[in-house]
Amino acid sequence: MRFLEMPDAAPQAFGGLTYAIKGHRAHIRRLLVDLQRGYCAYSERWLDEPLDSEEIEHFTNDIKGSEHDGFFNWYVVLRKANQLKMGKHWSEYQPLPEPYTVEVQQRLDYKEGVFCPKNQGDQPISNLIEFTGAQDYPVVAERRNHISRIRWYRTQLTAEQFEQMFREDPRQLSFPTAIEAELGIPAFQLIEKLKAPAAQTDE
Amino acid sequence: MKLTNFSIEDFRQFKDFRLEFTDPASGTPLEKVCFIGPNGTGKSTLLRLLAREAWGTRRDKPAIPGAKDGIQLMGGRTSTSVLAQAISSRTTALNADEVDKQLVVWCPSDTEDGRTEFSGIPLTSLGNALADTTYPFEKHVVTLAEAKQFWTYLVGHIKQREQRLREFQLQPDNRRKAIEDVDREFDADNPQVLGDLAEVWNRILNLADLEFDRDSVEIPIQLTDNLKAYVRTKTRKTRVPYEQLSSGIRHYIFRLGHIRSLYFNRPPGDSILLVDEPEGSLYPDFLYDIVENYREVAPGCQLFMATHSPIVASQFKPEERFILTFGDDGYVTARRGVSPEGDDPNDLLYKDFGVRNLMPEAGQKKWEEFLELRRRIPITPAQERLPLVEECAKIGYDYNFPLNGT
């Protein structure tokens with residue numbers, strides 16, 4: 001869930017951009033895809049489906065397009081990850097933390113295939129995990145199969161070939177938190193190193 | 001009354017056929033029952049036969065297509081086999097009179113009902129509602145062709161409520177209270193008719209960015225007036241005429257609304273609701289709460305459904321699921337389900353529907369390709385493996401194939 005975090009430079013990057021102005025949306029989306037390195041903020045899967053260039057997920061849907069809306073509330077997510085969140089209203093998952101902060105990342109953990117709070121009693125983080133669907137069954141099933149495949153590919157390739165595989169197909173670096181935790185592969189570093197091009201969209 | 005078992009001695013594809021609608025562990029009648037099975041195994045026929053049984057001694061029983069009432073036609077020849085003799089059932093009811101008084105609602109599939117032209121608000125009037133003496137009639141067929149009856153009931157409920165409110169306001173104790181307090185007190189025990197309908201409809205409509213438009217409702221005042229109530233888009237608040245709604249949504253909301261109108265103000269109690277193919281023309285997302293939605297509009301009912309949808313079937317417990325298949329002798333047999341309630345519909349397809357292969361042919365070929373690559377990669381020289389692994393990784397990712405078990 002690392003892609004929930006907004007870098008310090010985000011306020012400048014999004015300066016003057018407003019969701020309410022339709023003409024800004026494609027630009028907002030491009031910036032978000034770039035910040036998220038081409039991966040879905042909720043599921044951490046590569047954003048490989050053709051998406052509407054204006055499609056932006058609002059973490060708190062109720063403030064969408066209002067004066068309270070802003071970059072801290074915007075993400076790019078896969079439609080199916082978003083569908084898991086549909087039908088969940090943020091008010092039913094209170095208290096929720098501010099998802100874009102570094103502090104949230106410090107409170108999050110991933111153990112034995114499960115996203116969880118570092119501190120078992122950290123209810124806001126538990127709520128965040130549930131609200132974004134990171135532990136919903138379809139996401140977990142996909143993540144589990146992906147990790148088992150990556151684990152096997154590694155046994156079949158040299159280190160150089162293995163990295164080459166990721167370079168050729170950035171989708172294979174989907175679920176980087178799980179890849180790091182379960183396989184000990186520095187997936188986030190690799191993402192930065194390989195500088196994966198922005199996700200394919202119909203823009 | 002609840003149906004506890006049902007037998008067919010000899011009728012078409014059924015011979016010495018018997019179903020027990022009781023919980024195998026407790027022996028109590030099942031609250032809900034689901035029939036699944038390939039086309040031709042008689043799910044709809046079974047529902048119709050059950051509806052006929054629940055219709056009691058009434059003569060206007062739902063017809064069985066191709067069979068004259070009482071006399072079955074076989075291959076163009078008239079057989080003397082009489083439906084009533086071929087079928088028997090046991091219920092928890094004490095006598096025929098009790099069966100006759102039971103509320104029974106039969107909803108045929110929308111493919112049977114689909115020929116009905118729909119042209120907006122059903123034509124009725126306050127006069128029709130006041131003249132309608134059929135309510136509370138106990139046996140109902142819910143189809144779009146009967147939408148006028150549904151709308152007439154709605155008007156009737158609204159006017160009855162208005163009348164009860166006037167009487168309540170005039171009670172000596174209430175005359176001394178503020179009108180707002182009296183109305184609030186009345187509302188607490190008497191739900192708003194259209195508020196109730198809006199709640200039922202919005203659960204469905206909201207999934208399609210639609211909602212019941214309570215702001216523009218016009219309640220009939222003159223005898224010739226009709227109830228005017230519409231659906232609008234939720235975001236832009238523009239009216240969507242009923243005839244322009246997708247046929248799946250239109251059928252669904254009119255079915256649920258009609259059923260609700262039959263249960264409105266009726267104390268929860270035994271009744272039988274039979275629904276054929278509730279999934280008709282609905283997007284899968286609309287199906288996940290469908291059983292709950294039917295049960296909510298018909299509190300206390302014993303629900304019988306026939307479906308081809310694993311999403312619908314997964315909302316039943318395995319003992320409530322009856323799977324019809326053809327036996328070696330060409331007659332239909334039934335067994336109970338094994339998939340647990342709420343199981344992944346794909347698992348249900350495999351375990352209970354008996355679908356041979358979940359993957360269409362193209363996917364099956366990719367699976368075989370994936371297996372072949374898995375076999376070849378370890379025996380290929382290391383320096384030549386990369387393209388094979390990349391191909392394997394591409395297929396594995398596209399189809400989310402599991403590695404274990406290969």
Side-chain angles (χ1 to χ4, degrees), chain A residues 39-40 43-49 58 61-62 64-65 78-80 82-89 113 136-175 178-179 182-183, chain B residues 202-209 234-236 283-289 292-293 311 314 340 342-348 358 366-367 369-371 373-406:
Chain A
Y39 293 86
C40 170
S43 67
E44 293 193 347
R45 199 176 180 276
W46 177 250
L47 290 160
D48 58 354
E49 65 184 21
H58 289 71
N61 202 45
D62 289 16
K64 182 176 179 175
L78 285 166
R79 195 165 284 154
K80 60 182 172 184
N82 197 20
Q83 275 166 351
L84 287 175
K85 185 172 158 274
M86 277 162 69
K88 295 178 181 176
H89 195 267
D136 283 3
Y137 175 71
V139 178
V140 173
E142 199 164 1
R143 196 166 65 216
R144 187 193 55 215
N145 285 349
H146 185 73
I147 295 301
S148 69
R149 290 192 304 266
I150 297 291
R151 179 182 283 120
W152 186 73
Y153 302 147
R154 185 168 58 170
T155 65
Q156 302 301 314
L157 299 171
T158 63
E160 200 179 314
Q161 285 174 326
F162 193 49
E163 192 172 310
Q164 179 67 17
M165 181 190 76
F166 289 128
R167 182 175 290 114
E168 295 287 333
D169 186 358
R171 303 185 310 166
Q172 304 302 332
L173 275 171
S174 292
F175 311 111
I179 291 179
E182 296 193 45
L183 307 179
Chain B
N202 283 344
R203 278 201 292 268
I204 301 155
L205 293 171
N206 286 177
L207 293 171
D209 192 41
K234 201 173 168 204
T235 313
R236 290 184 294 120
Y283 191 67
D285 203 28
F286 285 77
L287 303 181
Y288 281 88
D289 301 322
E292 194 186 329
N293 282 345
I311 302 173
S314 76
D343 199 8
D344 181 336
N346 280 319
D347 290 343
L348 204 84
L358 294 181
K366 285 290 176 190
W367 172 243
E369 224 176 290
F370 182 73
L371 290 181
L373 284 163
R374 284 268 287 137
R375 190 190 64 76
R376 276 175 58 201
I377 288 167
I379 56 170
T380 300
Q383 67 276 16
E384 295 169 21
R385 280 183 191 170
L386 182 59
L388 297 182
V389 171
E390 284 179 340
E391 182 57 20
C392 187
K394 181 181 181 309
I395 297 172
Y397 189 89
D398 285 344
Y399 290 86
N400 190 33
F401 284 146
L403 194 86
N404 298 335
T406 60

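Reckoned from all heavy atoms, side chains included, excluding hydrogens, waters and symmetry mates. Residue numbering restarts at 1 for every chain, and letters A, B, ... go by the order of the sequence lines.
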Student: Considering only heavy atoms and a distance below 4.5 Å, find which of A/Tyr153, A/Phe162, A/Trp152 pairs most often with chain B.
Tutor: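 Most heavy-atom pairs within the cutoff with chain B belong to A/Trp152.
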Student: Which residues pass the side chain to side chain contact (heavy atoms under 4.5 Å, CB included) test with B/Pro284, not counting sequence neighbours?
Tutor: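 In terms of side chain to side chain contact (heavy atoms under 4.5 Å, CB included), with neighbours along the sequence ignored, B/Pro284 is linked to B/Ile311.
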Student: Counting only non-hydrogen atoms closer than 4.5 Å, does B/Ala382 touch chain A with its backbone (N, CA, C, O), its side chain (CB onward), both, or neither?
Tutor: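 Looking at B/Ala382, just its backbone touches chain A.
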Student: Can you tell me which portion of B/Asp344 sits under 4.5 Å from chain A's heavy atoms? Options are side chain, backbone, both or neither.
Tutor: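 The side chain, not the backbone.
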Student: Quick check on the interface: out of A/Met165, A/Arg144, A/Arg151, A/His146, who has the most heavy-atom pairs with chain B under 4.5 Å?
Tutor: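 Heavy-atom pairs under 4.5 Å are most numerous for A/Met165.
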Student: Listed by chain and number, what are the side chain to side chain donor-acceptor pair (under 3.5 Å) partners of B/Glu390, not counting sequence neighbours?
Tutor: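 Partners of B/Glu390 under the side chain to side chain donor-acceptor pair (under 3.5 Å) test: none.
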Student: I'd like to know whether CD of A/Glu160 has more than 12 heavy-atom contacts from other residues, nucleotides or ligands below 6.0 angstrom.
Tutor: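 No - once you tally the heavy atoms of other residues, nucleotides and ligands closer than 6.0 Å, there are 12 at most.
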Student: In terms of relative ring orientation, are A/Tyr39 and A/Trp46 parallel, tilted or perpendicular, with 30° and 60° separating the classes?
Tutor: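 Rings of A/Tyr39 and A/Trp46: perpendicular, as their planes differ by over 60°.
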